[in-house]
Amino acid sequence: MDADKPHCRLMVVLPVGPDNDGAETIQSLFTYCTSSLIVLAVDDSKLLETRHFLETCDPRVIRLPSAGYPGIRGGLLCSLARAYQYALAHYDFDVLLRIDTDALITGPAPEEDALALFAGKPKAGMLGPYRVGYDGGRRDFGVVADMLRHETGWHGLRRFSRRRRLKAWLSAASALGYEPGEHILGAAIYLRVEALRAMHAAGDLNVDEFHDSGLSEDHIFSLLTVRHGYMLEDFVTGDLPMGVRWRGLPDSPRNLLARGKKIVHSIKFYESMKEPEIRAFFAQERAKHAASSILNLQERKNDPDRHSGRWSRA
């Protein structure tokens with residue numbers, strides 16, 4: 001722990017674009033996450049109202065400007081890498097969550113589940129949807145493997161320095177068992193802080209030369225996780241907390257809650273359900289949880305045994 005920096009248990013990095021200010025995702029974080037947390041909102045919206053919201057909504061939310069590069073591939077990679085550097089420079093934290101604005105926290109303290117898994121698996125570096133999806137189907141890494149071959153082949157010579165770095169990362173990761181193209185889906189991931197510090201110490205978070213790369217941030221950060229000796233781990237299947245799919249929800253909102261899923265993506269649709277209906281469902285669930293939490297707190301305050309040593313936080 002760095003005594004010179006403020007400590008929070010959970011560091012959240014939330015990229016914000018022009019179509020969503022992240023308000024509901026932020027609200028879901030504050031509703032369900034029981035740990036101390038800071039939200040770094042990486043603002044690429046270019047909208048004054050979004051900027052005003054992010055700067056005034058809560059003192060635990062810090063607005064950071066994007067890196068200024070366009071796009072959701074190399075441009076987003078650069079913005080997130082700068083946010084990770086900011087987090088490491090200004091805070092001491094236990095775990096980092098990178099989450100999209102079309103993802104929500106839907107159950108209590110998923111960060112504690114992530115920290116418990118990290119504690120039990122010291123070489124786990126990144127958690128999320130990995131080799132098997134929510135529905136049990138195998139994820140295909142072939143397209144990303146082809147992209148890596150493209151950028152490290154003769155096509156990559158026009159970006160010689162970037163090509164050289166990428167080849168070096170691939171060589172180091174492959175020696176540790178990396179399968180070309182394998183990655184955790186970037187919609188919602190937990191990163192071990194030690195893995196992030198290793199990337200930073202090696203200069204691997206200085207990635208502006210990737211601003212026009214076709215590779216996405218989840219591809220690069222997964223590669224770097226393995227390159228630094230850590231493993232990618234499933235956080236979706238069975239009783240694990242994520243109910244995440246690339247496009248649309250992997251199950252109905254009600255089924256996701258019944259299965260104990262605490263992080264869901266993407267709330268843009270599920271079968272015939274549209275985004276407003278899905279958001280309304282989860283907003284109602286948040287309100288129930290908040291009301292229940294207030295009621296439980298009031299009951300504990302009224303408990304005559306609370307001063308006897310038998311009153312403890314739920």
Q: Apply salt bridge (Lys or Arg N to Asp or Glu O under 4.0 Å) to Arg149 and list each qualifying residue two or more places apart in sequence or on a separate chain.
A: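 Per chain and number, Arg149 pairs via salt bridge (Lys or Arg N to Asp or Glu O under 4.0 Å) with Asp146.
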
Q: Does some side-chain heavy atom of Ile62 sit less than 4.5 Å from a side-chain heavy atom of Leu54?
A: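 Answer no - side chains too far apart.
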
Q: Please report the interatomic distance CD1(Ile189) to NE2(His183), rounded to the nearest 0.5 Å.
A: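 Output value for this atom pair is 11.0 Å.
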
Q: Side chains of Glu55 and Val61: closer than 4.5 Å at any heavy-atom pair?
A: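 Sidechains of Val61 and Glu55: no contact.
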
Q: Quick check: closest heavy atoms across Arg279 and Asn20, and the distance to 0.1 Å?
A: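 Distance-wise, the nearest heavy atoms are NH2-ND2, 2.8 Å.
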
Q: Just so I know, are the side chains of Arg82 and Leu64 near enough to count as touching, which here means a heavy-atom distance under 4.5 Å?
A: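 Arg82 vs Leu64: side chains apart.
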
Q: State which residues pass ring-ring contact (aromatic ring centres under 6.0 Å, His included) with Tyr134; sequence neighbours excluded, sorted by chain then number.
A: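 ring-ring contact (aromatic ring centres under 6.0 Å, His included) check on Tyr134 returns nothing, list empty.
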
Q: State which residues pass side-chain hydrogen bond (donor to acceptor under 3.5 Å, both in side chains) with Glu151; sequence neighbours excluded, sorted by chain then number.
A: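 Per chain and number, Glu151 pairs via side-chain hydrogen bond (donor to acceptor under 3.5 Å, both in side chains) with Ser213.
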
Q: Taking Thr25 for its side chain and Thr101 for its backbone only, find out whether a donor-acceptor pair lies under 3.5 Å.
A: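 Answer holds: yes.
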
Q: Return the set of residues passing ring-ring contact (aromatic ring centres under 6.0 Å, His included) with His150 (not counting sequence neighbours), or none when no residue passes.
A: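 ring-ring contact (aromatic ring centres under 6.0 Å, His included) check on His150 returns His155.
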
Q: Applying ring pair (Phe, Tyr, Trp, His ring centres under 6.0 Å), run through Tyr91 and His7 and close with a yes or a no.
A: CA-CA 6 Å; Tyr91 292 92; His7 176 265; 9.9 Å; no

Q: To the nearest 0.5 angstrom, please state how far the CD1 atom of Ile72 sits from the OG atom of Ser79.
A: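 Between atom CD1 of Ile72 and atom OG of Ser79 there are 12.5 Å.
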
Q: Scan for ring pair (Phe, Tyr, Trp, His ring centres under 6.0 Å) pairs involving residues 222-275, sequence neighbours excluded, and state none if there are none.
A: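 Listed by first then second residue: Tyr190-Phe235.
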
Q: Return the CG to CE distance between Leu215 and Met147, rounded to the nearest 0.5 Å.
A: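 It comes to 4.5 Å.
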
Q: Any carboxylate oxygen within less than 4.0 angstrom of a Lys/Arg side-chain nitrogen, looking at Glu209 and Arg159?
A: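 Salt bridge flag = no for Arg159 with Glu209.
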
Q: Any side-chain heavy atom of Val193 sitting closer than 4.5 Å to one from Asp94?
A: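 Counting from C-beta outward, Val193 and Asp94 never come under 4.5 Å.
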
Q: For a quick check under 3.5 Å, do Thr106 and Glu285 share a side-chain donor-acceptor pair by atom type?
A: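 No, no side-chain donor-acceptor pair sits under 3.5 Å.
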
Q: Is Val132 reachable from Leu240 through a run of hydrophobic residues whose side-chain heavy atoms are each under 4.5 Å from the next?
A: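 Hydrophobic grouping puts Leu240 apart from Val132.
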
Q: Could you check Arg227 against Leu176 for side-chain contact (heavy atoms from CB on, under 4.5 Å), going step by step and ending with a plain yes or no?
A: CA-CA 7 Å; Arg227 171 253 201 278; Leu176 296 170; 6.0 Å; no

Q: Quick one: which residue pairs count as a salt bridge (Lys or Arg N to Asp or Glu O under 4.0 Å) with a foot in residues 168-179, not counting sequence neighbours?
A: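 Every pair satisfying salt bridge (Lys or Arg N to Asp or Glu O under 4.0 Å) with a residue in residues 168-179: Arg131-Glu179.
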
Q: Is the distance between the ring centroids of Trp154 and Phe160 under 6.0 Å?
A: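 Ring-ring flag for Trp154/Phe160: false, centres at least 6.0 Å apart.
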
Q: Centroid separation under 6.0 Å, is that true for the rings of His289 and Tyr32?
A: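 Yes: the rings meet the under 6.0 Å criterion.
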
Q: State, with a plain yes or no, whether a side-chain heavy atom of Phe30 is found less than 4.5 Å away from one of Val39.
A: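 Sidechains of Val39 and Phe30: in contact.
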
Q: Determine, step by step, whether Asp212 and Arg73 satisfy the salt bridge (Lys or Arg N to Asp or Glu O under 4.0 Å) criterion, reporting the C-alpha distance in whole Å, the side-chain angles of both residues, the deciding distance to 0.1 Å, and the verdict.
A: CA-CA 8 Å; Asp212 58 352; Arg73 292 186 179 273; over 6 Å; no

Q: Is the shortest side-chain N to carboxylate O distance from Arg138 to Asp140 below 4.0 Å?
A: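 Salt bridge flag = no for Asp140 with Arg138.
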
Q: Verify the cluster assignment for Leu224 and Leu97: are they in a single hydrophobic cluster under the rule of side-chain heavy atoms below 4.5 Å apart?
A: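 Not linked; separate clusters.
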
Q: Which atoms form the tightest heavy-atom contact between Ala188 and Ile263, and what is the distance?
A: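 Smallest heavy-atom distance, with atoms named: CB-CG2, 3.9 Å.
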
Q: Counting only N and O atoms by type, is there a donor-acceptor contact under 3.5 Å from the side chain of Glu111 to the main-chain atoms of Ser35?
A: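 The answer is yes, because a donor-acceptor pair under 3.5 Å joins these two groups.
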
Q: Starting at CG of Leu223, measure out to CG of Leu148 and round the result to the nearest 0.5 Å.
A: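 CG of Leu148 is found 7.0 Å from CG of Leu223.
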
Q: Is Arg139 paired with Glu182 through a side-chain N to carboxylate O contact shorter than 4.0 Å?
A: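 The answer is no: the pair does not qualify as a salt bridge.
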
Q: If the threshold is 4.0 Å, N to carboxylate O, is there a salt bridge linking Asp92 and Arg9?
A: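 Looking at Asp92 and Arg9, the cut-off is not met.
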
Q: What salt bridge (Lys or Arg N to Asp or Glu O under 4.0 Å) pairs are there with at least one residue in residues 239-264, not counting sequence neighbours?
A: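 Applying salt bridge (Lys or Arg N to Asp or Glu O under 4.0 Å) to every pair that reaches into residues 239-264, excluding sequence neighbours, yields Asp113-Lys262.
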
Q: Return the CG to CD1 distance between Leu166 and Ile220, rounded to the nearest 0.5 Å.
A: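 Answer for the CG-CD1 pair, Leu166 versus Ile220, is 5.5 Å.
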
Q: According to ring-ring contact (aromatic ring centres under 6.0 Å, His included), who are the partners of Tyr84, at least two apart in sequence or on a separate chain?
A: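 Only Phe221 meet the ring-ring contact (aromatic ring centres under 6.0 Å, His included) criterion with Tyr84.
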
Q: Can a donor-acceptor pair be found, under 3.5 Å and without considering hydrogens, that links the side chain of His219 to the backbone of Glu217?
A: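 Not confirmed, His219 side chain does not pair with Glu217 backbone.
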
Q: Are side-chain N/O atoms of Asp102 and Ser266 paired as donor and acceptor at under 3.5 Å?
A: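 Yes, a side-chain donor-acceptor pair sits under 3.5 Å.
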
Q: Between Arg192 (side chain) and Met126 (backbone), is there a donor-acceptor pair under 3.5 Å?
A: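 Absent.
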
Q: Consider only side-chain heavy atoms of I, L, V, M, F, W and Y, link residues closer than 4.5 Å, and tell whether Val16 and Ile105 are in one cluster.
A: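 Hydrophobic grouping puts Val16 with Ile105.
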
Q: Would you say Val244 and Pro250 make side-chain contact, with heavy atoms under 4.5 Å?
A: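 Sidechains of Pro250 and Val244: no contact.
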
Q: Report the residues that fulfil side-chain contact (heavy atoms from CB on, under 4.5 Å) with Lys167, sequence neighbours left out, ordered by chain and then residue number.
A: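 Only Thr152, Arg163 meet the side-chain contact (heavy atoms from CB on, under 4.5 Å) criterion with Lys167.
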
Q: In Å and rounded to the nearest 0.5 Å, what is the CD to CD distance from Gln27 to Glu24?
A: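 Between atom CD of Gln27 and atom CD of Glu24 there are 7.0 Å.
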
Q: Please enumerate all residues that pass ring-ring contact (aromatic ring centres under 6.0 Å, His included) together with Tyr69, with sequence neighbours excluded.
A: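 For Tyr69, the residues satisfying ring-ring contact (aromatic ring centres under 6.0 Å, His included) (neighbours in sequence not counted) are His211.
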
Q: Between Thr31 and Arg286, is there a donor-acceptor pair closer than 3.5 Å when you use the side chain of the first and the backbone of the second?
A: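 Answer holds: no.
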
Q: If the condition is side-chain contact (heavy atoms from CB on, under 4.5 Å), which residues does Cys8 pass it with, not counting sequence neighbours?
A: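 So Cys8 forms a side-chain contact (heavy atoms from CB on, under 4.5 Å) with Met11, Ser36, Ile38, Phe93.
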
Q: Between Asp218 and Arg98, does any side-chain N to carboxylate O distance fall below 4.0 Å?
A: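 Salt bridge: no.
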
Q: For Lys121, does the NZ atom have more than 12 heavy-atom neighbours from other residues, nucleotides or ligands under 6.0 Å away?
A: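 Result for NZ/Lys121: open.
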
Q: Salt bridge (Lys or Arg N to Asp or Glu O under 4.0 Å) with Glu277: which residues, sequence neighbours excluded?
A: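 With sequence neighbours excluded, Glu277 shows a salt bridge (Lys or Arg N to Asp or Glu O under 4.0 Å) to no residue whatsoever.
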
Q: Can you find a pair of side-chain heavy atoms, one from Leu40 and one from Val12, that are under 4.5 Å apart?
A: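 Not in contact.
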
